[in-house]
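Notes for the one structure printed next.
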Amino acid sequence: MNQILPGTLHDATADQLKKVAYKRIATEEAFCPPEMMDIYRGLLDDNSFTDPGFNTMFGFYLNSPSLRSQQIRDYLTDLGDLRLSHMDARGIDMQVIALTSPGVQVMPKEQATSFAAYANDMLSDACKKHPTRFAGLAAVAPHDANNAAKELDRGINKLGLKGAIIHSHTFGEYLDDPKFWPLLEAAEALDTPIYLHPQVPSAKMIEPFLDAGLDGAIYGFGVETGLHLLRLITTGMFDRFPKLQVVVGHLGEALPFWMYRLDYMHRAGVVAKRYERMKPLKGKVSDYLRNNVYVTTSGFAWEPAIKLCQDVLGVERVLYAMDYPYQHDVAEVIATDDLDLSDDVKKMLFQTNAEKVFKL
Ligand code: 1DF
Ligand code: MN
């Protein structure tokens, strides 16, 4: 399979899509209420809010005259015909939609809590209007964890949403901090997955990424989010919440590739009692990756990496995702259709794994 570069294969068209024996369910798709664009504009203009990651990301998407920013602004805010027409043109039967990164996690606590509820109502309405095309994940404000737990319950049980979206760190803090545990506990009790989606690295981490332009989706996102997932494992969050399931995009943000070394060096660290926070776990790092983590193919229409994940995690743990509207080439859909996999495994990848994980 050849690598797909933006601009080269945008030319593939919908008529090149094959008729396939599965539904294509894309599981990491983003939206942004127009009101959140306004809040983000306010943050950009607020001199007392100085998150370098947010400023570079939304300085670009809100202010750049580039075609990419203009289109992404238009596509993000639509939950109707424009989105549906793009799905049709790319052969996507259903999107699992979530508030775009960083969601409410850059807002002050109270605003974050109320805006999450507002966005969830909006997304739930769109899903009810198009029940065969849209499913949604609930936004929550991790920095108000008790209310986040309540909002997740409302999202699942009242609004019909299918999981929680969390955009990695919240003001530089990670979900293994006990202050966030009520949210992990709620997700486990509700038997609903947390989608741990990337965010730009926090102020503490971003400097050497930013000065080379590597802070965003090219690499900083993956480093930040892979680190977050690994912290959840090594700090024992899955021993504490053994049924918790976390969905991670971009093929697990590289952790499946690292699996052997993570097991080896984690054990070396534990045996040597080198770190206070690296305690023995019930299982190996790889056991948690196989039992508590699902990965999606967002941004990775690439056979060697998809096959590695299926190999080391199991075919039931790898789900298709597109990453609309940040990456949505029909050529990538065709490439994923054309993977050298059995019909059964392809149907799991595109359809049935997502149906099980998100209870669609
Ligand atoms: C980008 C990509 C930005 C993704 C995102 O949120 C995002 C990007 C602001 O390409 O700048 O969520 N993504 O998931 O691929
Ligand atoms: Mn994404």
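Remember, it's 1-based here, ligands and their atoms both numbered in the order they're listed.
Here is the list of ligand 1 atoms found below 4.0 Å of a heavy atom in Ser101: 6 (O), 9 (C), 12 (O). Below 4.0 Å from some heavy atom of His197 lie the following atoms of ligand 1, by number and element: 12 (O), 14 (O). Heavy-atom proximity to Ala217, at under 4.0 Å, picks out these atoms of ligand 1: 2 (C), 8 (C), 10 (O). Interface atoms of ligand 1 facing Arg68, defined by a heavy-atom separation under 4.0 Å, are 8 (C), 10 (O). Close contacts of ligand 1 with Glu28, meaning ligand atoms under 4.0 Å from a residue heavy atom, involve 14 (O).
Residue His197 approaches the Mn ion (ligand 2) most closely through its N/O/S atom NE2. Atom OD1 is the N, O or S atom of Asp323 at the shortest distance from the Mn ion (ligand 2). Looking at Glu28, its N, O or S atom nearest to the Mn ion (ligand 2) turns out to be OE2.
Shortest non-hydrogen contact noted between Ala305 and Phe300 is CB-CD2, 4.2 Å. Closest non-hydrogen pair, Asp93 versus Arg24, comes out as OD2-N, 2.7 Å.
Of the N and O atoms on the side chains of Tyr61 and Arg68, at least one donor lies less than 3.5 Å from an acceptor on the other residue. No side-chain donor-acceptor contact under 3.5 Å links Thr225 and Glu253. The closest side-chain donor-acceptor pair between Glu28 and His197 falls under 3.5 angstrom.
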What side-chain donor-acceptor pairs closer than 3.5 Å can you find for residues 95-104, not counting sequence neighbours?
residue : atom : partner : partner atom : Å
Gln95   : OE1  : Arg83   : NH1          : 2.9
Thr100  : OG1  : Tyr326  : OH           : 2.7
Ser101  : OG   : Pro198  : O            : 2.8

Quick one: side chains of residues 236-244, donor-acceptor pairs under 3.5 Å with protein atoms, not counting sequence neighbours, listed by atom name and distance.
residue : atom : partner : partner atom : Å
Asp239  : OD1  : Tyr288  : OH           : 2.6
Asp239  : OD2  : Lys282  : N            : 3.0
Asp239  : OD2  : Tyr288  : OH           : 3.2

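For atom 15 (O) of ligand 1, the closest non-hydrogen atom on the protein side is Asp323 OD2, 2.8 Å. Of the protein's non-hydrogen atoms, the one nearest atom 11 (O) of ligand 1 is Tyr61 OH, 2.6 Å. Taking atom 2 (C) of ligand 1 as the reference point, the nearest protein heavy-atom neighbour is Tyr326 CG, 3.4 Å.
A salt bridge links Lys279 to Glu276: one of the charged nitrogens lies within less than 4.0 Å of a carboxylate oxygen.
In this structure, Met57 has a heavy atom closer than 4.0 Å to ligand 1.
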